[in-house]
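Accompanying notes for the structure given below.
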Amino acid sequence: MANVVSDPRVRPQAVLPDFTKADPLLTFKLDDVALTYGSKWKQRYFKRVGNDFYPLPAQWDISHRIWRVYMVQPNTDWWVPFYPADNMRRPTGPLCDGCHSVNYDIKTKTPTEWNVGCERCHGPGSEHAGNPNKANIVNPAKLDYVRANDTCIQCHSQGQPLKNPIEGQYYDWPVGFHQGANLKDFWKLEEHKLGETNFMHFADGTGHKNRMQGNDFVQSQMYKRGITCFTCHDVHGTSNNADLINPVGQLCITCHNAASPNGPRATTIEEHTHHAAGSAGSECVNCHMPKIEQTIADINVRSHTFAFITPAMTDEYKIPNPCLSCHTDKSTDWARAAMKQWPGVSPWRVN
């Protein structure tokens with residue numbers, strides 16, 4: 001998070017594609033790029049015009065190593081009707097920059113610093129820098145679980161400010177919120193009607209796209225029981241994917257090992273998963289956090305409701321099924337029949 005946004009003149013190594021290779025979608029030059037955004041799934045490019053930045057019309061698909069069009073389409077994000085269908089009239093200040101900086105000032109259109117710096121999560125830090133003590137800095141680990149999670153939900157969610165427009169502009173981030181305040185006083189999560197599939201949600205309320213981790217998580221039993229984002233993630237960085245505090249194969253069983261009061265109730269993990277030890281089917285996240293939320297093209301991120309999507313939910317609500325993500329040659333009827341043969345599984349719950 002500390003290097004998502006980069007100035008290519010300061011960090012030329014941040015630029016991932018080769019701008020010297022011609023491509024029909026590449027209609028701009030590297031010299032036009034004031035800031036790059038992204039380094040994991042996609043990289044986007046912003047041009048400075050006056051005192052604001054605007055997205056250029058192509059993005060680099062990192063996984064497939066190709067250029068793709070970058071243009072937010074009609075009937076997608078809620079803010080689209082309030083901005084012209086022209087990237088050069090969709091400034092990043094109201095739509096992006098508040099989450100990719102510290103203390104973004106909507107009047108001056110400048111941040112204290114780009115990217116997620118210390119104050120984004122720990123609140124104002126000048127007093128602490130001069131006199132370090134626990135009383136003049138916010139430690140999210142010491143907050144109640146709602147406000148602790150709001151540290152991450154402020155940006156890892158889809159929603160709207162409670163007051164919009166603000167000074168004539170529609171904002172897509174919680175203007176005015178800073179650590180130590182209450183997010184609910186600035187931000188409302190995107191609403192969902194049960195049974196309705198739209199750009200943001202699947203029919204059951206699971207996120208349909210990236211940046212829905214917070215929307216997912218607040219629905220989960222994990223959230224209701226006081227688990228926080230940093231129970232699993234270390235935002236200061238680890239060697240594990242997604243900055244997990246332990247490798248994914250070890251993380252879940254820290255709390256959910258065999259016969260744990262937290263579940264599963266089975267005597268072994270394999271008895272619960274009905275898959276061999278070490279296989280993809282015995283890795284918790286593949287069933288409880290399937291990759292179904294789109295970030296670019298066919299690259300998806302994991303859901304965060306932790307709920308298992310049954311074959312019946314797939315049939316009725318068209319939500320991708322985790323069984324069929326691995327067993328791509330099979331059907332929901334096959335999955336349903338297979339689960340009914342599993343010992344210890346209630347036939348009344350196999351749908």
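All values derive from a computational prediction rather than experimental measurement.
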Ring pair (Phe, Tyr, Trp, His ring centres under 6.0 Å) between W60 and F19: does it pass, once the steps are laid out?
-> CA-CA 11 Å; W60 181 249; F19 272 76; 8.8 Å; no
Atom OG1 in T231, atom OH in Y223: separation rounded to 0.5 Å?
-> 12.5 Å
Any I292 side-chain heavy atom under 4.5 Å of I309 side chain = yes
Shortest non-hydrogen pair, K42 vs R44, comes out as NZ-NH2, 3.6 Å
How long is the gap from CD1 on I227 to NZ on K224, to the nearest 0.5 Å?
-> 14.0 Å
Is there a path from Y145 to W187 through hydrophobic residues (I, L, V, M, F, W, Y) whose side chains come within less than 4.5 Å of each other?
-> yes
CZ-CG distance between R11 and N3, expressed to the nearest 0.5 angstrom = 4.5 Å
Close side-chain approach of Q294 to H208, heavy-atom, < 4.5 Å | no
Min side-chain heavy-atom separation Y170-N164 under 4.5 Å = yes
With distance as the sole test, does D105 use its side chain to make a donor-acceptor pair with the main-chain N or O of T110 at under 3.5 Å?
-> no
Is it the case that more than 12 heavy atoms not belonging to K47 sit under 6.0 Å from its NZ atom?
-> no
Same hydrophobic cluster for I62 and L25, using side-chain heavy-atom links shorter than 4.5 Å among ILVMFWY?
-> yes
Would you please classify the geometry between the Y45 ring and the F28 ring as parallel, tilted or perpendicular, with 30° and 60° separating the classes?
-> tilted
Does the side chain of N136 reach to within under 4.5 Å of the side chain of H128, using non-hydrogen atoms?
-> yes
To the nearest 0.5 Å, tell me how far C121 SG sits from N139 CG.
-> 11.0 Å
F186 side chain near V175 side chain, heavy-atom distance below 4.5 Å = no
Any donor-acceptor pair under 3.5 Å linking the side chain of R48 with the backbone of G50?
-> yes
Distance, nearest 0.5 Å, that separates OG of S157 from NE2 of H304 = 13.0 Å
Do T206 and D204 meet the criterion of a side-chain donor-acceptor pair at a distance under 3.5 Å?
-> yes
Evaluate the side-chain proximity of S101 to W114: yes if any heavy-atom separation is below 4.5 Å, no if none is.
-> yes
Pair Q179-T151, side-chain donor/acceptor within less than 3.5 Å = yes
Evaluate whether atom CG of N75 has more than 12 neighbouring non-hydrogen atoms of other residues, nucleotides or ligands under 6.0 angstrom away.
-> no
Side chain W342, main chain T273, donor-acceptor under 3.5 Å | no
At their closest point, which heavy atom of D243 faces which heavy atom of V235, and how far apart are they?
-> OD2-O, 4.5 Å
So if you build clusters from Ile, Leu, Val, Met, Phe, Trp, Tyr with side-chain heavy-atom gaps below 4.5 Å, do L244 and V285 land together?
-> yes
Under 3.5 Å side-chain donor-acceptor pair for D172 and W78 | yes
Report yes or no: does N87 contribute a side-chain atom to a donor-acceptor pair with the main-chain N or O of P55 at less than 3.5 Å?
-> yes
Using a strict 4.0 Å threshold on nitrogen-to-oxygen distance, state whether R211 and D77 make a salt bridge.
-> no
Exactly one of Q169, R90, R89 clears side chain to side chain donor-acceptor pair (under 3.5 Å) with Y83, and that residue is Q169
Is it true that the side chains of K291 and S325 contain a donor and an acceptor less than 3.5 Å apart?
-> no
Any C323 side-chain heavy atom under 4.5 Å of F308 side chain = yes
Check against side-chain contact (heavy atoms from CB on, under 4.5 Å), N215 and E190 | CA-CA 8 Å; N215 305 65; E190 195 73 30; 4.1 Å; yes
Smallest heavy-atom separation, P264 atom then N257 atom, equals CD-O, 3.8 Å
Shortest non-hydrogen contact from S260 toward C255 = OG-O, 3.0 Å
Going hydrophobic residue to hydrophobic residue with side-chain gaps under 4.5 angstrom, can you get from V4 over to V301?
-> no
Hphob cluster co-occupancy, M222 + I153, side-chain heavy atoms under 4.5 angstrom | yes
Beyond-backbone contact of L35 with D7, side-chain heavy atoms, under 4.5 angstrom | yes
Nearest atoms (heavy-atom pairs only) where N51 meets T108 = ND2-O, 4.5 Å
Determine, stepwise, if the pair E167 / K107 fulfils side-chain contact (heavy atoms from CB on, under 4.5 Å).
-> CA-CA 9 Å; E167 298 186 7; K107 295 184 183 297; 2.7 Å; yes
Begin from the C-alpha positions of K21 and L26 and carry the test side-chain contact (heavy atoms from CB on, under 4.5 Å) through to its verdict.
-> CA-CA 9 Å; K21 291 184 177 180; L26 186 56; over 6 Å; no
Side chain Q43, main chain L16, donor-acceptor under 3.5 Å = yes
Does M289 offer a backbone N or O that forms a donor-acceptor pair with the side chain of R302 under 3.5 Å?
-> yes
Please answer whether the main-chain N or O of A276 pairs with a side-chain N or O of S282 as donor and acceptor at a distance below 3.5 Å.
-> yes
Backbone N/O of H100 and side chain of R120: donor-acceptor pair under 3.5 Å | no
Which heavy atom in Q154 sits nearest to a heavy atom in C99, and how many Å separate them?
-> O-SG, 3.9 Å
Salt bridge check: are K29 and D32 linked by an N-O gap of less than 4.0 Å?
-> no
Name the one of T314, D315, I319 that satisfies side chain to side chain contact (heavy atoms under 4.5 Å, CB included) with Y317?
-> I319
How are the rings of H201 and H192 set to each other: parallel, tilted or perpendicular (split at 30° and 60°)?
-> tilted
Gap separating the CZ atom of F46 from the CG atom of D52, nearest 0.5 angstrom | 10.5 Å
Worked check of side-chain hydrogen bond (donor to acceptor under 3.5 Å, both in side chains) between K40 and N241 = CA-CA 11 Å; K40 186 171 184 178; N241 184 46; 3.1 Å; yes
For D150 and R147, what are the C-alpha separation, side-chain angles and deciding distance, and is it a salt bridge (Lys or Arg N to Asp or Glu O under 4.0 Å)?
-> CA-CA 5 Å; D150 285 348; R147 293 179 66 189; over 6 Å; no
When you look at CD of E196, are more than 12 heavy atoms from neighbouring residues, nucleotides or ligands closer to it than 6.0 Å?
-> yes
Are the side chain of H256 and the backbone of N262 linked by a donor-acceptor contact shorter than 3.5 Å?
-> yes
Does any N or O in the side chain of E119 come within less than 3.5 Å of the main-chain N or O of N103, such that one atom is a donor and the other an acceptor?
-> no
Would you sort out whether H288 and F306 count as a ring pair (Phe, Tyr, Trp, His ring centres under 6.0 Å), showing the intermediate values?
-> CA-CA 5 Å; H288 290 279; F306 307 100; 8.2 Å; no
